[in-house]
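Letters A, B, ... are given to chains in the order of the sequence lines, protein chains preceding strands, and every chain is numbered from 1.
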Protein chains: 2
Amino acid sequence: MSKKRADLLITNIGQLATPRGKKPARGEKMSNLRVIRDAAVAVKDGDLTAVGTGEKVLHDYTAPKELDAGGHLVTPGFVDPHTHIVFAGSREQEFEMRCQGASYKEIALAGGGILSTVLATREASEDEILDQSLPRLKRCLEFGTTTVEIKSGYGLDTATELKMLRVIDRLRKKTPLDVVSTFLGAHEVPPEYRSDRDGYVRLLIEQMIPAVAESGLAEFTDIFTEQHVFDVSQSRRILQAAKEAGFKLRLHADEIVSLGGAQLAAELQAVSADHLGAISARGIKALAESGTIAVLLPGTTFFINLESYAPATALKEAGVAIALSTDCNPGSSMTESMQIIQTLACLYLDLPPAEALSASTLNAACAIDRGDRVGTLEPGKQADLVIWDCADYRAIPYHYGVNLVRTVIKKGKVVVGGL
Amino acid sequence: MSKKRADLLITNIGQLATPRGKKPARGEKMSNLRVIRDAAVAVKDGDLTAVGTGEKVLHDYTAPKELDAGGHLVTPGFVDPHTHIVFAGSREQEFEMRCQGASYKEIALAGGGILSTVLATREASEDEILDQSLPRLKRCLEFGTTTVEIKSGYGLDTATELKMLRVIDRLRKKTPLDVVSTFLGAHEVPPEYRSDRDGYVRLLIEQMIPAVAESGLAEFTDIFTEQHVFDVSQSRRILQAAKEAGFKLRLHADEIVSLGGAQLAAELQAVSADHLGAISARGIKALAESGTIAVLLPGTTFFINLESYAPATALKEAGVAIALSTDCNPGSSMTESMQIIQTLACLYLDLPPAEALSASTLNAACAIDRGDRVGTLEPGKQADLVIWDCADYRAIPYHYGVNLVRTVIKKGKVVVGGL
């Protein structure tokens, strides 16, 4: 009997660990990984065509290229569903002020905070922003992320928001990662509208959303629904306009104050509600009913020293699907590594390693509407995977603060590490 | 006027940041870095022979080799003064149990805890332990550590302790790092002495310490002075015997319970007292008076989810010199990265970035009695330095969970990254 032909076989996988399916894993399924010892996979046209024991896959398939995984662990590449990785400038001086006890208000008065990044991003040319952002995206890949969402939101005027979205589009073409683009014009109220906040809401609805829709440069619209930023009523107006213009929706919801952002996410059928450090019991119930995914960002809680982490256990028990993300941004979470996020999720959200992995692969993919293509190692999905410098998936959160990636494969091609 | 000859010039250093001197920095001096913009250094015979502005150094020196630092940051290589990096086996399954709420007692009953590492290390051959430990030491170097202390302490019998110390000695010869060796036979009471704990103290004093002294394989003796391990009176007997046998001393002191380990460290003129999460006001005063260095291990507090970090501010205010370390070990701090330790020290010990850097270079060097050779970038010290992928030393703790090392130079030679 002749063997089927593939393009690439990855053999000698000591342990292959993956969630399953195209829909987000909830409840007990979140920890229910498929774990295969002595595994192999076959890749054809950039997709996985077989995943199983080495014996079975090698019996069925032949390929001109073979990659020996050296007995190491293989998982799906991470999906990072919430980043602000495109920006100009740097804010380590603000971090230093915080270590010395400065409050946010003092930092803002000293020219820090999000508006300092807005200023730098407005001033920088498109090429300068690209040059500063590209190394960050490469670092994502080096740390095992193969699909990433990137938001605009440091422009807060039509021209700069479009400039950021063009940078995101160029990054998509310049790196092997899959990049999902989100318009976040409603990240903050810009200085020139501080005395006319509703004027900025009108600008968003009447000018910015139509212009971004016209450009075709964003798939999602996001908003920072929070005290002193956009209240629930303003958020509803903006998001409804975005929905009518054809955008999928996501929200920064209930991060610090329980405003009801989660309920709004559910009401508008948003794909995800993110942060949720202060989500109410009613908010949890709403997300469970709507099927909106909770994207938790423990790196941010850690980095800005907040006292309480998002209530992951209550969300899980209510049946809400949880995803994890870096929230990579210059103010409140300066990291590209989904590995340190695994550690923080295990230690501070009480997720066991298997659940952290599901939350960072399948569920994260679903949180950006890519559950059909990435997030698991199954036939028919993209061959996006990481060969790790360890033998067991539980070592990823356990062995912290380092980079355990050995090789990254994107669409069946080695993009980090050697063959 | 003819120029002086060096072996290597490192030029185009955007920012050079270093503490100063050979003695530990205390109080305000801890943050008082020398910061030179547009700097260069000259290296001769593995030592620094000039450190200053590029203009000055290039005016005075010529060398057959030149390394362009690309406008990036240069600091001294990290010194990691407290590690248990030599061991066999792995304990990620225990980490998983902790995420699921298991107590230490449950973990110990399930075969976990330090004794599981003792068992694995006793069973493994010297070569096996070497093979498992070498990648960890290489990772230290890749993350910017150029000098490391390594303890025995997973043998708890004479033969295995000596086996571990031989592995440490072989690691010293196999890697470019400077390795300082510590005998920690008093890490725990082994299973075979659980009903005769004083018998183990006698074994340490009468057999193990003399045997290790005879071998010449350790420079320091360390002990775990803690409730249920070695009390202050047992610790004093063991450490006095070690001192008489010619060892320098260091202690695991007051980690969880305030037993008085810090006072004992001061009494015996130990070089360092380590952990100190539960140090008393009296203990702080004793360290300040004796000049014993406080080695703080925020990674451990983070990793085992303890509620309170060591009182760094009170120690600083009392005039105690603080050093930082990974505590790299398979149970309570599985990391080789001094970079994540910078972040944790800034966020949870309230050290500003400059103090964290001093604590991880000069003060860490003094904590292993190497302040005369490493820990600062000054003429006469070893040319151990890191070229960073950033422009400012404050970015090291700020940009967290990743690896910002670009190039590591040890004794004037490139050992990580390209020329």
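Chain B forms more heavy-atom pairs under 4.5 Å with one residue of Asp392(A), Thr335(A), Ile341(A), Ile340(A) than with any other, namely Thr335(A). Contact tally against chain B (heavy-atom pairs below 4.5 Å) for Ala354(A), Ser333(A), Ser90(A): the top residue is Ser333(A). Put simply, of Cys346(B), Cys390(B), Ser337(B), the one with the most heavy-atom pairs under 4.5 Å next to chain A is Cys346(B). Each of Leu351(B), Val402(B), Leu344(B), Thr343(B) has some count of heavy-atom pairs under 4.5 Å with chain A, and the biggest count is that of Val402(B). Considering only heavy-atom pairs separated by less than 4.5 Å from chain B, the leading option among Leu347(A), Asn305(A), Asp350(A) is Leu347(A).
With a threshold of 4.5 angstrom between heavy atoms, Pro330(B) approaches chain A through its backbone and through its side chain. Residue Glu355(B): no heavy atom, backbone or side chain, is found under 4.5 Å from chain A. Heavy-atom distances place the side chain of Gln100(B), and not its backbone, under 4.5 Å from chain A. Phe302(B) touches chain A through backbone and side chain together, each having a heavy atom under 4.5 Å away. Heavy atoms closer than 4.5 Å to chain A are found in the side chain of Tyr393(B), but not in its backbone. Residue contact with chain A, scored on non-hydrogen atoms closer than 4.5 Å, is absent for Ile396(B). Using a 4.5 Å cut-off between heavy atoms, Pro397(A) touches chain B through backbone and side chain atoms alike. For a residue to count as touching a neighbouring chain, one of its non-hydrogen atoms must lie under 4.5 Å from one of that chain's; by this rule Tyr400(B) touches chain A with backbone and side chain alike. Residue Gln93(A) touches chain B through both its backbone and its side chain, counting heavy-atom pairs closer than 4.5 Å.
When only modelled atom types and interatomic distance are considered, Gln339(A) and Asn403(A) share a side-chain donor-acceptor pair under 3.5 Å.
Nearest approach of Ala110(A) to Met97(A), heavy atoms of both residues: CB-CE, 3.8 Å. Nearest heavy-atom pair across His82(A) and Ser325(A) is O-OG, 2.8 Å.
By the 4.0 Å N-to-carboxylate-O rule, Glu336(B) lies close enough to Arg139(B) to be salt-bridged with it.
Side-chain contact between Leu349(A) and Leu324(A) is present, with heavy atoms from C-beta onward closer than 4.5 Å.
Aromatic ring centres of Phe78(B) and Trp388(B): separated by under 6.0 Å.
Counting only distance, with no hydrogens or angles, the side chain of Ser116(A) and the backbone of Gly113(A) share a donor-acceptor pair below 3.5 Å. Checked by atom type and distance alone, the side chain of Thr407(A) never pairs as donor or acceptor with a backbone atom of Gly417(A) at under 3.5 Å.
Under the 6.0 Å distance and 45° angle rule, Arg98(B) does not count as a cation-pi partner of Tyr398(A).
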